[in-house]
Structure formats: C-alpha cells, structure tokens
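Heads up: the structure comes next, in structure tokens.
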Amino acid sequence: EYRGAAILLVNRNFGCGSSREHAPQPLMRRSFRAIVGESFAEIFFGNCLALGLPCLKLAPGRMQELQRQVAKTPSLELTLDLDRGAISVLGREEPVELQEGVRRQFLSGGWDALAELLEGAEQADGRARGLPYLSGFR
C-alpha cells in the first residue's frame, strides 16, 4: 500500500545506530527522495546529506498526526517544498526545518563537499587564526 512512496515519515532520533556511510543507501534504492522526521542521528544525517537525501524536521505532534493521516489513507499525496521549507497534505501546509546552508546545497545541487570547503578556505583560515588553541599551530 505504500509502494512508490517518495517521502519517508519517521520519529525522533531516526538513524541512531546507523553510522556507516552506506546506511541511507537502501532508502534511496527503495525510491525515497526525502525523509521527514522529528529528529535525526547526526552521523546518519550527514551520510544522507552526502547522498543528496534531505532529512527535514517536523514538530513531534504534527509528525504523529501526519503519520496517522497516512496510515488511514496510504494513497495520500504529500508535497515537499524545499524552497519554502514546507510539507503539504490535504491543502494544509506545515513548516519543516532544514539548516539554511544545507537547504542551499539541495537547491543548488552543490554536493561536492571538498569543493565547498576549498571555496570557503579563506574564511575557515581566518576563523582558525582567531582560535586561541590553534594560534601558532602552523
């Protein structure tokens, strides 16, 4: 009844214990294109990000209500708008949370982490020079 679903709805701390880089790959191969949940394990979130699989947060009470709606009507259509940071169902739109930098990456398609790091090298270098425990480290 959920065949073809592109958005996976999960609860809190999803991905806890799934710290290997390939943990989110089966979800992508299953055709999920986004995960919406209450919260995510940090390493799992980063591994999803590296694969281009967005993990968005939805308020716990609203997540439970959304899960009830989908369980009752599995064919319910959910629409995720990364640009506006919202998920819509039955004409009702709910805000979803995604860090601004991560959101920009998804919208621009910029998934080359090394290129992004090199792009900000001057800024990172300046920040490092201001940290007392790194001064004179070079």
Side-chain angles (χ1 to χ4, degrees):
E1 56 194 34
Y2 298 106
R3 188 179 311 269
I7 300 172
L8 179 62
L9 302 176
V10 300
N11 296 104
R12 67 185 167 117
N13 204 23
F14 186 76
C16 180
S18 303
S19 61
R20 295 187 179 192
E21 300 83 24
H22 58 272
Q25 289 178 6
L27 299 174
M28 285 188 64
R29 291 187 178 134
R30 169 59 180 78
S31 78
F32 290 112
R33 295 296 167 248
I35 305 173
V36 178
E38 296 174 21
S39 64
F40 298 91
E42 189 174 340
I43 294 173
F44 179 82
F45 176 88
N47 290 333
C48 286
L49 176 64
L51 291 174
L53 185 62
C55 296
L56 302 108
K57 294 180 186 176
L58 182 64
R62 186 59 197 130
M63 173 52 68
Q64 292 162 6
E65 176 57 30
L66 185 57
Q67 288 173 324
R68 278 192 290 277
Q69 288 177 306
V70 170
K72 183 178 177 183
T73 311
S75 61
L76 207 59
E77 186 172 315
L78 306 176
T79 304
L80 189 58
D81 186 332
L82 291 180
D83 196 31
R84 290 195 346 259
I87 188 167
S88 302
V89 60
L90 297 172
R92 183 176 175 184
E93 189 172 274
E94 294 287 335
V96 288
E97 180 186 323
L98 186 63
Q99 298 166 347
E100 183 56 28
V102 173
R103 188 183 75 83
R104 278 194 316 267
Q105 284 183 315
F106 279 111
L107 293 175
S108 71
W111 294 115
D112 186 346
L114 180 57
E116 292 212 12
L117 182 62
L118 292 174
E119 220 174 86
E122 190 174 312
Q123 183 181 6
D125 203 33
R127 178 73 175 134
R129 278 194 297 275
L131 298 173
Y133 53 88
L134 287 182
S135 44
F137 186 69
R138 293 176 174 228

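- Residue pairs meeting the ring-ring contact (aromatic ring centres under 6.0 Å, His included) criterion with at least one member in residues 42-94, sequence neighbours excluded: Phe14-Phe44.
- No side-chain heavy atom of Leu58 sits less than 4.5 Å from a side-chain heavy atom of Glu38.
- Note: Met28 CE to Leu51 CG = 5.5 Å, rounded to the nearest 0.5 Å.
- Sorted by first and then second residue, the side chain to side chain donor-acceptor pair (under 3.5 Å) pairs with a member in residues 39-49 form an empty list; sequence neighbours excluded.
- Contacts classified as salt bridge (charged side-chain N to carboxylate O under 4.0 Å, His left out) and involving residues 49-66 (residues at least two apart or in different chains) are given here: Arg62-Glu94, Glu65-Arg68.
- For the residue pair Asn11 / Gln67, a side-chain donor-acceptor distance below 3.5 Å is found, with atom types taken as modelled.
- Listed by chain and residue number, Arg103, Arg104 satisfy the side-chain contact (heavy atoms from CB on, under 4.5 Å) test with Glu100 (two or more places apart in sequence, or in another chain).
- Within the structure, no pair that satisfies the ring-ring contact (aromatic ring centres under 6.0 Å, His included) test touches residues 46-71, not counting sequence neighbours.
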Test side chain to side chain contact (heavy atoms under 4.5 Å, CB included) applied to Asp81 and Val96, step by step
CA-CA 9 Å; Asp81 186 332; Val96 288; over 6 Å; no
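- The side chain to side chain donor-acceptor pair (under 3.5 Å) analysis of residues 22-36, with sequence neighbours excluded, yields no pairs.
- For the side-chain hydrogen bond (donor to acceptor under 3.5 Å, both in side chains) test, no residue two or more places apart in sequence or in another chain qualifies with Glu119.
- Taken to the nearest 0.5 Å, the CD1 atom of Ile35 stands 11.5 Å off from the CG atom of Leu80.
- Take Phe40 and apply the ring-ring contact (aromatic ring centres under 6.0 Å, His included) test, not counting sequence neighbours, and it matches no residue.
- Every residue was checked against the side-chain hydrogen bond (donor to acceptor under 3.5 Å, both in side chains) condition with Asn13, not counting sequence neighbours, and none meets it.
- Taking Arg127 as the reference, Leu131 meet the side-chain contact (heavy atoms from CB on, under 4.5 Å) condition, with sequence neighbours excluded.
- Using a 4.5 Å heavy-atom threshold, the side chains of Ile87 and Leu66 count as touching.
- Scanning for side-chain contact (heavy atoms from CB on, under 4.5 Å) contacts around Pro74 gives Glu1, Tyr2, with sequence neighbours left out.
- Taking all atoms of both residues into account, the shortest heavy-atom contact from Ala23 to Pro26 is O-CD, 3.2 Å.
- One finds the SG atom of Cys55 at 12.5 Å from the CD atom of Glu97 (value rounded to the nearest 0.5 Å).
- Residue-environment remark: CD (Gln99) stays at or below the threshold of 12 foreign heavy atoms within 6.0 Å.
- By the side-chain contact (heavy atoms from CB on, under 4.5 Å) test, Leu118 is found to be paired with Leu114, residues two or more places apart in sequence or in another chain being considered.
- In this structure, Leu76 and Val89 have side chains that are in contact, with non-hydrogen atoms separated by less than 4.5 Å.
- The two residues Leu56 and Ala34 come nearest to each other via the heavy atoms CD1-CB, 4.4 Å.
- Linking Ile, Leu, Val, Met, Phe, Trp and Tyr residues whenever their side-chain heavy atoms come within less than 4.5 Å leaves Ile43 and Leu8 in two separate clusters.
- Rounded to the nearest 0.5 Å, atoms CD1 (Ile7) and OG1 (Thr79) are 7.0 Å apart.
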